[in-house]
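Data first, discussion second: the structure below is written as C-alpha cells.
Values below: all heavy atoms of this structure, side chains included; hydrogens, waters and symmetry mates excluded. One-based numbering along the sequence shown. Whatever order the structure lists ligands and atoms in, that order sets their numbers, starting from 1. Just so it is clear, the model here is predicted, and its values are computed rather than measured.
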Amino acid sequence: MKKRILFLMPFILISVNRSLAQKLTIPIETAHNAVVLQVTAKNDLVQAYFGERLNTPGEYSQIKEARTSDYTGLYQSAYTPSGSRNLLEPTISIQHADGNQSLDLRYLSHKVDKLSADVTLTSVVLKDPVYKVVVTLYYKAYIKDDVVEQWSVIRHQEKGEITLQKFASANLNLSSKAYWLRQYHGDWAKEMRPEETQLTHGIKTLDSKLGTRANLFMPSMFMVSLNKPATEDEGKVMMAALEWSGNFRTDLELDPDDNLRIISGINNYASAYKLKPNVDFTTPAFVYTFSSKGKGVASRNLHNWARNYKLMNGKGDRLTLLNNWESTYFDFNEQKLFGLLKDTKALGVDLFLLDDGWFANKFPRNDDHAGLGDWEENRKKLPNGIASIAREADKEGVKFGIWIEPEMVNPKSAQYGKHPDWVIKQPKRDEYYFRNQLVLDLTNPAVQDFVFKVVDSLFIKDPKLAYIKWDCNAVIYNAYSVHLKSQQSQLYVDYVRGLYTVLQRIRKKYPDVPMMLCSGGGGRVDYGALQYFTEFWPSDNTDPLERIYIQWEYSYFYPAITSSNHVTDWGKQSLKYRVDVAMMGKLGFDIVITKLSPQDMQLAKDAVVNYNGVKSIIWHGDQYRLSDPQTDPVACVIYVDTTKASAVVFDYLVSNRYDAAPRSRMLLKGLDPAKNYAIKEINVYPGKKGRFNGESIYSGDFLMKVGIDPEIDPSRSSVVLKIDEAK
Ligand code: DGJ
C-alpha cells in the first residue's frame, strides 16, 4: 500500500526494480471513471480495467490479470506491438533498421505530473528488450470533465531509420457481455447518419483514406455502449474521436473471449513512415469519455472539456452573420455587396461574410472551374478591392469577414501555371479532379508559406478583418508529392502536419480572429483542427428538418457553440422553423432578406434580438436532450445555463404523419428543483400569440416531474420557450 502511494506522487519518476515488485498498478482516474494499467510479472503493461472508478483506490491492485487463450497472447496489452507474442490487431508495427519486424514493449518507468488541480498527465515508458526502441504512452486526464486524451511518442536509437508500419495513438480494452457501436456515415449534404449495431466477433474498421476532406464519408467519432444501447439517461457508454484532420482508422476487435479492443490512430494506409534515430514521432490524441448514466452525461462531458480545454476560444463569444453564398453564389459586384452590408445592419446581425467568388483575374472566379489559388481581388467585381468593402462595412457599423480555400487550386489558375510542382498529383498519370480542383502539397514548407500568406495578405487588405471561413472542398486523388521525393508514403501524415504548422503560425500572429472550419459542408470536423477554429460548418444541407438530425448527432460530440447554423432557402418549412433550428448553435443567415415579406422580416429581426438574449445559454450552458427525433415525432432539446437560472427549450414536429404531434407533457431536465421559473414563448410569428406568456410560475421540481405541454401541432410545428428564474 505504501509503495502504491509513492507511485502516484506527482512529479516523481519511478523506475521499478522488478525483483522487488511483482506487480504495479497505475490507475488513471477522473471524477467518476478510471483506466487502470498494470505491470505484470513479465513487465508487460496491460490495461486491466476501464469503467467507473472505485471508492477505494487501493483495490485497483486486486484486479486480476485476465486469463488469456494461448493464441491471443497479449490481449490486455495497453499498447499492442506486433511480430512477437501478440497475434491480435497491433497498435504499433515497425520494421527495424536491420529489416527485422518484431517488437516487444516492456515497462520501464512511469510518472504522474499534476498539470493543474484538474489535469494530470500520466506517462509510461515502454522499451523493447532487444531493439533500442522506446514508446512513451501518455494519458492526460481531465478530472472534472471525465475525459481522457491518450497518445504515444515513438523514438529509437537504432543504426539507421526504422519504418513505422502502424502507429496508432491508443488501444483500449473494454469488458462487457455485449457491445453496441454507434457509428456515422454520409456524403455531401448527408452528414452524420447514424447506425447502431451490436459488434460481432472479428474486426470492425471505421476509417478514411480521403486525405483532405477526410470525414466526407465517415467521421472518426463513435460511441460504444456496454451490454445494450445506452439511452439519453441510462446505460454505460463511451464516446470517442481521434484528434486528427486526415486519414484515420479505428479498429474495434471483439476477441474470442468477448473482450473488445479499440485501436485508434492515423490510418496506416499507404503511410509507412521512416523514422530517423533520436527523433520523436508523436501520434495525435485519441479522446474519450465514459458515462454510466447514458449519452447525455457523456456528451456534456465532451462539451465541457472542449470549451474548457480544446476548442479555440471555447468560453468566448461568437458573431452572428449574414453570408452571401446562397443569395448570390458567384454573381455579385461592389454595389450588390454594399446592399448586403445594409441588409446585415437591417437584420441586426454582427457581421457580413463574403463567400467564394471575390478573387482571380487571369481566370476569373465566376464558377468553380477557375481561379482558385489566385488570391487577388477580381477587378471587375471589386474594382476598389476588399478594402472598399471593409470601409463600407465600417460605415454601416457591421463587421466584415471573408471566405478562402487556401489549400487548393484550380488547374485553370495563374498559381497552378506558376507552380505545377506545388500540386499533389501523379507525375505520369492524367490529372483527376474533385470539384475541378487539386490539393496543394502542404508537406512543402514553401507551400506552407504560401498558404500562410493567403491569410496574412487578407489582414493587409483589411486590418480589421473580423472573421474567416476556411473551406476545403477536395479530397486527395493521385497522391504524390514532388517535395517528398522518395518518401512518398509520408504524404498523408506530413500533409496534416503541414496544415497544423500553418494554422499554428496563423494563430500566433492572429490569435483572436474567429475562423469557421468548413469542408464542402462537414467534410473536416475534428478536435485536431478545432484547436485553431472557433466553429465548424456541419453541412451544406440547411433544410431545417434535415438539420435537426445532423445537428442532433454532432451534438453528442461537439458543443452547440461550435455549430454554425445558417437560415437559408433549403427546405419547405416556414422561416420561423428555419430560424428556430439555426438558433441551436451559432446563428447566421444566407437568404435575400429584401425578398422577405414584412412579417418574415420582422420575425427574423425579432429572432436576432431574442437570440442575443439566449445565445450565451446555448453556447455555454448544459444541453439535455428531451425527445429524440430518431424515435419520436417531436425533437426537443433544452439548454440550461450553468447557474440554472435560465434555460431555453426548442421543440420541433418532425413527423408528417396524421395527428403525429403528441398531446402530452414534456419533462424538462437540468433545472434546479428548488427554484421557481416563469416560461415565455419567444420567436412568436408577428401577429400570432404565444401560448406561454411568463405569467404562470412553476417549480423546477414540477417542470422536471410533471412537465409542460409545449402544445406542438402542425400549425405550431416549432416552438421556442425561454425559461427564467422567477424572483
Ligand atoms: C462549400 C461550402 O460548404 C459552401 O458553404 C460554400 O462556401 C462553397 N463551398 C463555396 O464554394
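- Of the candidates F330, W325, W470, W188, the one placing a heavy atom closest to atom 8 (C) of ligand 1 is W325.
- Cation-pi geometry between K464 and F400 is not satisfied (NZ or CZ under 6.0 Å from the ring centre, within 45° of the ring normal).
- Under the 3.5 Å distance criterion, the side-chain polar atoms of Q531 are matched with a main-chain donor or acceptor of G528.
- In this structure, R547 forms a cation-pi arrangement with W537, its terminal cationic atom sitting closer than 6.0 Å to the ring centre and no more than 45° off the ring axis.
- When each atom of ligand 1 is checked for a heavy atom of D355 under 4.0 Å away, the hits are 6 (C), 7 (O), 10 (C).
- No side-chain N or O of N313 forms a donor-acceptor pair with one of T534 less than 3.5 Å apart.
- With a 4.0 Å cut-off on non-hydrogen atoms, M516 does not touch ligand 1 at all.
- Counting heavy atoms closer than 4.0 Å to ligand 1, residue S519 contributes nothing at all.
- Residue-level proximity to ligand 1 for K469 is carried by the side chain, the only part with a heavy atom below 4.0 angstrom.
- Y329 and D367 share no side-chain donor-acceptor pair at under 3.5 Å.
- Residue-to-ligand polar distances place D356 within reach of ligand 1: an N/O pair is separated by less than 3.5 Å.
- The shortest separation from a heavy atom of H566 to ligand 1 is not under 4.0 Å, leaving the residue out of contact.
- Between the side chain of N410 and the backbone N or O of A370 there is at least one donor-acceptor pair closer than 3.5 Å.
- The ligand atoms of ligand 1 that sit less than 4.0 angstrom from a heavy atom of G520 are 1 (C), 3 (O).
- Of the N or O atoms in C518, none lie within a sub-3.5 Å distance of an N or O in ligand 1.
- For the residue pair W552 / Q630, no side-chain donor-acceptor distance below 3.5 Å is found, with atom types taken as modelled.
- Atoms of ligand 1 lying under 4.0 Å from at least one heavy atom of W403, given by number and element, are 7 (O), 10 (C), 11 (O).
- Counting protein heavy atoms only, atom 1 (C) of ligand 1 is closest to D471 OD2, 3.1 Å.
- Where the criterion is an N or O separation shorter than 3.5 Å, residue side chain and backbone included, D540 meets it with respect to ligand 1.
- Taking the ring centre of Y269 as origin, the terminal cationic atom of K209 falls inside the region bounded by 6.0 Å and 45° from the ring axis.
- No side-chain donor-acceptor contact under 3.5 Å links T443 and Q490.
- The ligand atoms of ligand 1 that sit less than 4.0 angstrom from a heavy atom of W537 are 3 (O), 5 (O).
- The residue D368 has no part lying near ligand 1, judged by heavy-atom distances below 4.0 Å.
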